[in-house]
Amino acid sequence: MEKRYTHSDHEERIYALWEQSGAFAPSQKKGAKPYCIIMPPPNANDPLHIGHAMFVTVEDILIRYQRMRGRACLWLPGADHAGIETQFVFEKKLKKQGKSRMDYDRESLFRMIWDYVQENKGVATEQMKKLGASADWSRFTFTLDENVVRMVLDTFFQLHRDGLVYRDLRLVNFCTHCGTAFSDLEVKHVEQITPLYYMKYGPFTLATVRPETKFGDTAVAVNPKDPRYKQWIGKEVEVKGLLGQFRMRVIADDYVDPEFGTGVVKITPAHDPNDFEVWLRHRDEIPGPKQVIGFDGKLSTPAGKYAGLPVKKGREIVVRDLQAQGLLTKVDEQYRHILGVCYRCRTPIEPLPLPQFFIKVEPLVQKTLQSLQQKQVTVFGAGYGKTLKHWLENLKDWNVSRQIVWGIRMPVWYKIQSQKSKVKSQNNNIFVSFLNRKKNLVTGEVGTLLNDYTLTEIKGGLQSLRAPVDADYIVSPTPPGDHYLQETDTFDTWFSSAQWPAVTLQASRGKTAGKTESTREKQDDFQRFYPTDVMETAYDILIFWVMRMLMMGLYRTGSVPFRTVYLHGLIRDEQGRKMSKSLGNIINPLDVTSIYGADALRMALVIRSTAGQDKSVGEGDVRAMRNLTNKIWNAARFILMKRESTKHEARSTKPNGTSHSQISKADDRFFQQLSKVVDTVTNQLDHFRIGLAAETVYNEFWHWFCDECIERNKKQEISNNALLQGLIVFLKLMHPFVPFITEAAYQQLQEANPKKKRKELHPDLLISSPWPDRSA
RNA sequence: GGACUCGUAGCUCAGUGGUAGAGCGCUUCGUUGACAUCGAAGAGGCCAGAGGUUCGAUACCUCUCGAGUCCACCA
C-alpha cells in the first residue's frame, strides 16, 4: 500500500465497481423493506454548485446507511427544465447573437431551447457521480419527459373537473423585462426611498408615489369615519388633471388610513393590488380597471400625450407638468417605501391586470394541515415545521400561468370560428401575435386576422395569444379539434415539480431496466415506494416546493408524498458570508474534489451540520477532512502490515510476557466500547442527527481507535485480530460519509484475504455489506 | 409590523438536566515498527445578561440586549 491515500487513484475505479455491481438499484431480496428518496432534480442546464454537493452528500448518507441496514433503497435522480431560469439564460445567449425571442414562433423557440438543454443535460449527472452519489441512474427522469408531461396535464384536468381551477382577471406580478407574470413568492421586496408626491385632486389633496398612474384612476377613497371628508362620501367631485377636467366618485373604505398622508387615496384598480381589492368591494359604485401601463412597461393610449413613455420617464414628466400647472403641493423626498422587484432581474414588478389561471388552494391546504397535525409528516430543520404551518394558514390562490414558452403548455383550448361562419363568437377578440409565412410579425384580433390568414398559418407561427377574461375555453389533455387555438401560457415550473414524487415513480415504467432487474420489476415502483421516506432539500425552497408537493401529493394520491422532510442549511464561506458572484467567494465543488477528493468535501460539508442551520465551510475544513481520509488509509495500512508480519511469527510465542488472558480482557473492553460506538452512531442516524453522527464517527475513529487502540496494540495490549475487526466496523460506520476511501481500504483488506481469489469476479463490496450489529 | 432562528475557546461551529467539545489557529516538545496530510503536552470559555423551575441549568420557561433569515398591500 502507498504511504498516502491519493483520492485520484481510487475514486473513479471504485465508482465503476459500485455501478457494475448493481448496488444502486433497489435490492430485490424478499422481505427487504423499501426505502425511497426522490432527488430534488437539479436544473438540467446548470453545473453543480455547493448546495447540490450538500444535498448529494446528505441524501447519499441516508441511502447508503439504509442500504447497509438491509432496506431496498431507491434514490431516484432527475433533472429539472427550470422554466424561466433556463429561458432567461437562453435569451441572453440569443441576445449575444443579436436575436431575441420575438424573432421566433413559440414552437421553434421551444425546440431551440430543448436542443440547448440536451447539450448540457448530463453534466450535472456526471458531477454527482464524482461526488459519489449512489443513485439509480437507470430511473433518471426529466421534468419534460413525455410521460411526465402527460401526468401533469392530467392532474390539471382533474383539478379543473373538481372545480379547483378558475380563470380570472387579477392584478398579476408582471416583470416587464422578463415578459411574464410571477407568483407572489417570486417577488422580492426591497426598501427604497421614493418621493411621495402630494397633489391637488379636486377639492382634496392626496399623496401618492405613483403620479403616472393617475390616468387610470376610477375613484377617490376616504375612511368612512374620517370627519374631515364625511360630507363628500357618495358624491362626485370635479377634478382638474393634466388631461383636462373629469368627474370622480368619492367612496368610503376602511382600507384608507386617516393618519397617512392626507387621508385621501386615489383608486387605480389596474395598477395597485389594494386598489383592485377596493374596486372588488365597490363594483357597483365605480368603474373597473383602466389600464394605462402596457405589458411593455410603457404608458399606453389612455395616458394621452404621455403614451409611449417608459414608466420611470413618464413619472418624471408627469411630476414636472403637475408642478407647472400648480397641482403639486409638496414632495416628501425622504419617504421610505417597500418596492416589489423581480427576483431574477430586479426590475420593479408592475401589477397589471391579466386573465390568469388560478388554483384554489383552500381545500388542498386543509388536507395538508390535517396531515401535519396527524404527524404523517415530520419536518427536521430549525423551526421550519412552524414556518410551514404558518404559510399554509395564510396561503392565497396560486397563479400557475406563465408567459414563457419553456415549460409545459397549458391544456386549455379556445374555439375559433372559421371566417365563413355566420355565428358570432366571443373568442374572435382573442389577441394573437404570430409570424406569417414571410416571418413577419403580425398582431391583432384573431377574428379580423382570419380575413387574411388561415387558422393553420396562425397556429404555425404563433408566438402568444391573450384571451379576454370572458373567453370561452375548454380544458382537455388532448387537442379537442382543428378549430381551436391552444393557450400559449405554460405552467409555473413548480406546478409540475409539486407532483414530482408520484410522477417520477409512475414515470419510470417502461424505461430501460437497470442491470439487476427487469422492466417488469420497475412497473410497480409507485406501489412499492410511495409514500417515499425522506424529502431532503434546502430550507429556502420549503414553500415553493415542499409545501406544494404535500398539497398536490395529497390531492393526486390521497396520501402524503413523504414521511420525513429533512432541510439542510445553506453553505457559507469560511467567514460566514453568503456565497455570491459579486463577493467572488463561490466554491465550485468540483474544484475542491479534484484537489482534496470527494470524501473530504462530503465530510467537511456535513460534519457538525445541523438541520435548517447554515454552515460555513472553508478550504481549511476540507483539508482537515482530507487528512481524515489519509488517516483511515494509514490505519488500514498498519493493520494489514501487522497481519502480514504475525503470519510469519510462530503462534506459540507470546510477546513481552503479556498473557493471552490479559489480552483477551483488554479485547473484551475494546469490543464493548466498540459496540457502544456502533450504538451511538446508529441512533444518531436513525434520528437524522447526521452532522452529529459524522462528528461521533470522526472522533471515535481518530481519537479513540487510532490514538488509543492502535497505540495500545503496539504495546501488545490489544490483539491484532481485535484491531482488524474494529477497523472493519469503523469502515462500515464511516462508509456513508466517506464512501470512496472506506471502500478502497476495504478492498485492500479483501485482496490480502486468501479466500478472495474465488471471489474475483464478484468482489465483496463495502457498499453492499451489512451495517455492523449493535452488539458486535 | 408578523414569524422563525442564533448568541458556547481567537475564528467557524457541534453538544448535553449532573467534572465543557471538534476543526482551524496558537505555545512547547517529538522523524523509535501506520500516518509530519502525524504524535505528545499545553494555553484559551462566569456557554450574551437577568429572573424562574429544579437537589442541581450552558441546556427547560419568561423577559432584556445583540445578530441574522423569511414574510408583509399602508397609498
Side-chain angles (χ1 to χ4, degrees), chain A residues 1-6 171 184-185 187-189 194 196-198 206-211 213 220-221 254-268 271-278 335 337-338 340 351 381-391 393-394 539-540 542-543 569-570 572-578 596-597 600 603-604 607-610 612-642 645 684 689 691-696 698-699 702-703 706-707 710-711 713-714 723 727:
Chain A
M1 279 173 88
E2 302 292 319
K3 195 172 168 185
R4 283 185 186 178
Y5 172 68
T6 311
L171 290 201
D184 292 341
L185 297 185
V187 178
K188 291 287 141 225
H189 294 89
T194 314
L196 180 65
Y197 303 98
Y198 287 75
L206 55 73
T208 180
V209 290
R210 302 208 59 184
T213 64
V220 186
D254 285 331
Y255 149 69
V256 181
D257 176 2
E259 305 293 315
F260 186 89
T262 59
V264 183
V265 185
K266 69 189 189 70
I267 300 300
T268 321
H271 300 292
D272 184 295
N274 292 313
D275 294 4
F276 188 85
E277 295 290 321
V278 171
Y335 180 60
H337 173 244
I338 309 284
Y384 283 102
K386 292 179 200 167
T387 305
L388 178 62
K389 188 162 171 273
H390 184 258
W391 262 97
E393 283 163 352
N394 296 289
Y539 65 76
D540 59 351
L542 172 69
I543 303 307
L570 273 28
R572 294 164 175 271
D573 73 2
E574 65 265 78
Q575 290 157 56
R577 299 175 305 179
K578 258 189 177 169
Y596 297 109
M603 196 61 170
I607 192 168
R608 262 166 272 119
S609 69
T610 310
Q613 218 69 59
D614 292 357
K615 183 175 198 295
S616 76
V617 174
E619 192 167 352
D621 298 294
V622 183
R623 195 183 299 122
M625 295 305 132
R626 187 273 317 268
N627 294 352
L628 170 69
T629 60
N630 190 55
K631 191 77 178 174
I632 296 169
W633 182 256
N634 274 290
R637 191 159 78 102
F638 173 75
I639 289 165
L640 269 176
M641 276 167 47
K642 270 300 242 212
S645 64
Q684 288 168 338
R689 316 270 287 178
L692 188 55
E695 183 174 19
T696 303
Y698 176 98
N699 284 335
W702 195 310
H703 298 306
C706 294
D707 290 351
I710 290 184
E711 293 310 312
N713 169 272
K714 287 178 189 169
L723 217 50
L727 175 67

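Quick note on labels: first sequence line is chain A, next is B, and so on, each numbered from 1.
The side chain of R689(A) places an N or O atom within less than 4.0 Å of a non-bridging phosphate oxygen (OP1 or OP2) of rU16(B). Look at H189(A) and you won't find any side-chain N or O under 4.0 angstrom from OP1 or OP2 of rC71(B). Contact between the side-chain N/O atoms of R4(A) and the OP1/OP2 oxygens of rU37(B) is found at a separation under 4.0 Å. Here N627(A) reaches the OP1 or OP2 of rC38(B): one of its side-chain N or O atoms lies under 4.0 Å away. Within the 4.0 Å cut-off from OP1 or OP2 of rG39(B), at least one side-chain nitrogen or oxygen of K631(A) is found. For the pair H703(A) and rG23(B), the criterion of a side-chain N or O lying under 4.0 Å from OP1 or OP2 is met. Remark: H390(A) is not in phosphate contact with rA3(B), judged by side-chain N or O atoms under 4.0 Å from OP1 or OP2. For W702(A) and rA22(B), the shortest distance from a side-chain N or O to OP1 or OP2 is not below 4.0 Å.
Rounding to whole angstrom units, OH of residue Y539(A) and C1' of rA3(B) are separated by 15 Å. Nucleotide rC73(B) holds its P atom 16 Å from the CG atom of D257(A), rounded to whole Å.
A cation-pi arrangement is found for K714(A) relative to F638(A), the charged atom lying closer than 6.0 Å to the ring centre and inside a 45° cone about the ring normal.
Backbone-only engagement by W391(A) is indicated by non-hydrogen atom pairs under 4.0 Å involving sugar-phosphate atoms exclusively. Residue contacts shown for K3(A) are limited to sugar-phosphate atoms, with no base heavy atom under 4.0 Å away. At the heavy-atom level, V617(A) lies nowhere under 4.0 Å from the strands shown. Within the nucleic acid shown, T610(A) comes within 4.0 Å of sugar-phosphate atoms alone, with no base atom in reach, counting heavy atoms only. As judged by a 4.0 angstrom heavy-atom cut-off over every strand, A624(A) is placed among residues touching the sugar-phosphate backbone only. Here I338(A) lies in heavy-atom contact (under 4.0 Å) with a base. Backbone-only engagement by A382(A) is indicated by non-hydrogen atom pairs under 4.0 Å involving sugar-phosphate atoms exclusively. Looking at heavy-atom distances under 4.0 Å, D707(A) makes contact with sugar-phosphate atoms alone, never a base. Among the protein residues, K386(A) comes within range of the sugar-phosphate backbone only, with heavy atoms under 4.0 Å from sugar or phosphate atoms but none that close to a base. Within the 4.0 angstrom heavy-atom criterion, only backbone atoms of the sugar-phosphate kind lie near Y698(A); the bases stay farther away. Within the 4.0 angstrom heavy-atom criterion, no nucleotide atom of any strand lies near I639(A). Using a 4.0 Å heavy-atom criterion, one finds that D272(A) contacts the sugar-phosphate atoms exclusively. Here N699(A) lies in heavy-atom contact (under 4.0 Å) with sugar-phosphate atoms only. Residue contacts shown for E277(A) are absent, as no nucleic acid heavy atom lies under 4.0 Å away.
For rA14(B), there is no paired base (Watson-Crick or G-U wobble, both distances below 3.5 Å). Under the Watson-Crick and G-U wobble criteria, each requiring two contacts below 3.5 Å, nucleotide rC4(B) is paired to rG68(B). Partner assigned to rU37(B) is none, using Watson-Crick or G-U wobble distances below 3.5 angstrom.
Between H703(A) and Y698(A), the ring planes lie perpendicular to each other; the angle is over 60°, past the 30° to 60° tilted range.
Taking atom C1' on both rU37(B) and rU19(B), the two are 34 Å apart, rounded to the nearest angstrom. Nucleotides rG49(B) and rC6(B) are separated by 16 Å at their C1' atoms, to the nearest Å.
Judged by distance alone with a 3.5 Å cut-off, a donor-acceptor contact links the side chain of E711(A) to the base of rA34(B). Remark: the K714(A) side chain and the rA34(B) base include a donor-acceptor N/O pair separated by less than 3.5 Å.
When each of R623(A) and R637(A) is assigned the nucleotide of RNA chain B bearing its nearest heavy atom, the one mapping closer to the 5' terminus is R623(A). In this structure, G263(A) and D614(A) both approach RNA chain B, and ranking their closest nucleotides by distance from the 5' end singles out D614(A).
The backbone N or O of D275(A) lies less than 3.5 Å from a partner atom in the side chain of D272(A), making a donor-acceptor pair.
For the atom pair CD of E619(A) and CG of D573(A), the computed distance is 12.5 Å after rounding to the nearest 0.5 Å.
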